[in-house]
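Each remark here refers to the structure printed beneath this line.
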Amino acid sequence: MKEDGLILVFDIGTTGVKCATFKPDGEKACAHTVNYDTIYPKPGWAEQKPEDYWRGIIDGTKVLLEKGNISSQRISVIGLSGHMNGCIPVDANGDVLYPNIIHSDCRSQAEASYLKRVFDEWHFYSITGNRIDPHYTFTKILWLKKNYPEIYNKTAYFLNSKDYVGFKLTGRLGVTDFSDASLTCMLNINKGKWAEDVLSEAGVDVHKLPEQMPSFHVLGGLSKQAADILGLKAGTPVVVGGGDGACATKGAGVVKKGQAYNYIGSSAWISTINDCPVLDKGARIFHFYDLDGRNYNVTGTVQCATIAYDWAIENIGGYELEKVEARDRVFDIIEDLARQAPVGSNGVFFVPYMMGERTPHWDENTRGGFVGLTLYHGKSHLFRSVYEGVAFALKNVLDVFEEDGLKVESLTLLGGGAKSRLWNEIMCNVYGKPIRVHSFPGEATSLGAAIAAGVGVGIFESFEDAARIIRYQRSCQPVPSEVQAYQSYYRIYNMMYRQLKPIYDEIARLMGVD
């Protein structure tokens, strides 16, 4: 790699594609994001046009090169990341046959119910490392086969977002990596191969699934056609890349047992790595392969995090965030207000189950709310309780890890929620563990893709070697008195789901939800 060489990354996110360049020392040189729409044709449906990913890359690369005054000769390698659990059917020419049914889509509930009748759920979990759930690719393929058999029959491959982009860049069709493959719910997590017996029983043709390669392998050179469109150099190596969750793991510097990262975005999750699957008796956690293609990401997800915080700002604080120009100033005001309340928010609890909950309950009918309100309480208590409620929900994930023998010693915070110092402090004391905030909490996924690309072409000797480039902006140590106080509040928080579940179920029945 040239001394001034750069790693270019295309990170296909839920709301837009981020085009970014990184130096070999991990410093971001330049970045630009091009947004695109998610289409919601019916309740529970969520689709995107894969062609928008490609248009975003074309537009974003042009702006990136101009804004950063970057010569195409400086781009040494291209890395890829993309959101997972999708379903893009393409024909033998790579033409898209149906929009991407993305991760948040849950239209395939009937197909999930069908799989639960066909397979013993524990046996299925022990093979795939994941529950039967309509958010995964497996049930989406079954939905397409049932409702659009002509599309299913014409499909050459079912791809995820970054795999489609890899094809557009290189012309090589039908390749994915182990991280994306493992979160389709169709991979035998123990063997690293498609679960052919499961697929055969469900009626899915294994030949329509892409070839698996390690995330750091070179997919091919940038085609002349793509190079001409993007203004880049033909033949530039394009690395296979990984799913966004796996890229975030390496971007956070998680390379060995005991390390973990906590992503705090609209939803939130905690992920650590292990050298074998960790089969939780309640199937409360899920798995996908690490970028190294050997280890496993073991993960638990909380459905609502910053999205619940934004809801509170808008509906309790009275700020319409979409119309506010100085959003960061609003966040500062709310945080200052929340600091006025003590640990435990004077007995107010926020239950953050506003879109159901995944780990540990996996209950789509559960609901959110405030518990413990009196006429004494004000906005400061409500806002602080939102911070604390999300932290308590994430502590549930850590508890599951520890029940299953996974010892987490420290966590790195990523995502938009990592910007809040108060939330950092609350999480540190609720978890009772030291935390570090990533230097670029919003760029860690892109950085992980850059690291995989760098490993692929020899810029880094290994992922462990690359971890030395990760930097942190601040750290936090648990305060014993606050840890002890939060343990008492956490005990009460853990009583709430069990006590409120009959009410949630009755509300669901009243609202006509199955």
Side-chain angles (χ1 to χ4, degrees), residues 26 245 247-274 285 297-302 304-306 308-309 331-332 334-335 338-339 343-345 350 352 359 383-402 406-445 447-448 467-487 489-490 493:
C247 287
T249 303
K250 287 298 175 270
V254 175
V255 294
K256 62 181 181 181
K257 289 183 179 182
Q259 297 175 333
Y261 79 90
N262 184 176
Y263 186 92
I264 313 150
S266 295
S267 60
W269 62 87
I270 297 177
S271 189
T272 187
I273 62 171
N274 201 52
I285 52 180
N297 283 243
V298 186
T299 308
T301 295
V302 166
C304 282
T306 63
Y309 174 65
F331 296 146
D332 290 342
I334 298 301
E335 182 164 329
R339 280 193 180 277
V343 169
S345 304
F350 175 68
T359 306
F383 285 126
R384 185 179 183 108
S385 72
V386 172
Y387 286 124
E388 292 174 336
V390 173
F392 288 149
L394 286 162
K395 177 70 163 67
N396 282 168
V397 175
L398 287 174
D399 286 353
V400 174
F401 283 0
E402 293 190 0
L406 289 172
K407 177 70 173 176
V408 173
E409 298 168 356
S410 62
L411 298 100
T412 297
L413 300 188
L414 310 176
K419 297 176 183 178
S420 167
R421 288 181 177 269
L422 175 59
W423 218 348
N424 301 164
E425 296 163 11
I426 289 172
M427 288 177 172
C428 180
N429 290 310
V430 168
Y431 302 163
K433 299 180 186 296
I435 62 152
R436 298 183 294 187
V437 178
H438 200 282
S439 288
F440 309 108
E443 315 287 348
T445 300
L447 180 56
R468 61 183 169 76
I469 71 173
I470 310 298
R471 297 188 291 275
Y472 308 92
Q473 57 179 278
R474 61 178 178 272
S475 61
C476 185
Q477 293 291 328
V479 178
S481 61
E482 296 195 9
V483 171
Q484 185 175 4
Y486 274 128
Q487 287 173 346
Y489 286 108
Y490 182 59
Y493 172 87

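As a basis for the values below, the full set of heavy atoms in this structure was taken, side chains included, without hydrogen atoms, waters or symmetry mates.
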Using 0.5 Å steps for rounding, measure from the [atom1] atom of [X] to the [atom2] atom of [Y].
X: N396; Y: T359; atom1: CG; atom2: OG1; result: 9.0 Å
X: C476; Y: I435; atom1: SG; atom2: CD1; result: 5.0 Å
X: L422; Y: D332; atom1: CG; atom2: CG; result: 11.5 Å
X: S481; Y: Y486; atom1: OG; atom2: OH; result: 10.5 Å
X: M427; Y: L398; atom1: CE; atom2: CG; result: 10.5 Å
X: T412; Y: Y261; atom1: OG1; atom2: OH; result: 11.0 Å

Quick one: closest heavy-atom pair of [X] and [Y], and the distance?
X: G253; Y: A467; value: O-CB, 4.4 Å
X: P478; Y: G432; value: CG-C, 3.6 Å
X: L447; Y: G251; value: CD2-O, 4.0 Å
X: A260; Y: V408; value: CB-CG1, 3.8 Å
X: P352; Y: C304; value: O-CB, 3.3 Å
X: V302; Y: L394; value: CG2-CD2, 3.7 Å

(request) Apply the test salt bridge (charged side-chain N to carboxylate O under 4.0 Å, His left out) to residues R474 and E425: give CA-CA distance (whole Å), side-chain angles for both, the deciding distance (0.1 Å), then the verdict. (result) CA-CA 11 Å; R474 61 178 178 272; E425 296 163 11; over 6 Å; no
Got [X] and [Y] here, is their nearest side-chain heavy-atom distance under 4.5 Å?
X: R384; Y: I426; value: yes
X: V298; Y: I273; value: no
X: L406; Y: N274; value: yes
X: D399; Y: Y490; value: yes
X: L413; Y: H438; value: no
X: C428; Y: E482; value: no
X: F401; Y: T272; value: yes
X: Y309; Y: Y387; value: yes

(message) Students often mix this up, so state it plainly: with edges at 30° and 60°, are the rings of Y493 and F392 parallel, tilted or perpendicular?
(response) tilted
(request) Could you check V430 against Q487 for side-chain contact (heavy atoms from CB on, under 4.5 Å), going step by step and ending with a plain yes or no? (result) CA-CA 7 Å; V430 168; Q487 287 173 346; over 6 Å; no
(request) Under the side-chain contact (heavy atoms from CB on, under 4.5 Å) rule, what do N424 and V437 come out as? Steps first, then yes or no, please. (result) CA-CA 8 Å; N424 301 164; V437 178; 3.4 Å; yes
(request) Would you tell me whether Y431 and N262 have side-chain atoms, one donor and one acceptor, within less than 3.5 Å of each other? (result) yes
(message) If only side-chain N and O atoms count, and only distance matters, is there a donor-acceptor pair under 3.5 Å linking E335 with S420?
(response) yes
(message) What verdict does the side-chain contact (heavy atoms from CB on, under 4.5 Å) test give for F440 and L414, after you've listed the backbone C-alpha separation in whole Å, the side-chain angles of each residue and the deciding distance to 0.1 Å?
(response) CA-CA 8 Å; F440 309 108; L414 310 176; over 6 Å; no
Hey, is the main chain of [Y] close enough, under 3.5 Å, to the side chain of [X] for a donor-acceptor pair?
X: N297; Y: S271; answer: no
X: Q259; Y: E409; answer: no
X: S475; Y: R436; answer: no
X: T306; Y: G417; answer: no

(message) Before you tell me yes or no, could you show the steps for E388 and S345 under side-chain contact (heavy atoms from CB on, under 4.5 Å), namely the whole-Å CA-CA distance, both residues' side-chain angles and the distance that decides it to 0.1 Å?
(response) CA-CA 8 Å; E388 292 174 336; S345 304; 2.8 Å; yes
(message) Just checking Q484: does its CD atom have more than 12 heavy atoms from other residues, nucleotides or ligands closer to it than 6.0 angstrom?
(response) no
(request) Could you tell me whether E402 and K395 have a side-chain N and a carboxylate O separated by less than 4.0 Å? (result) no
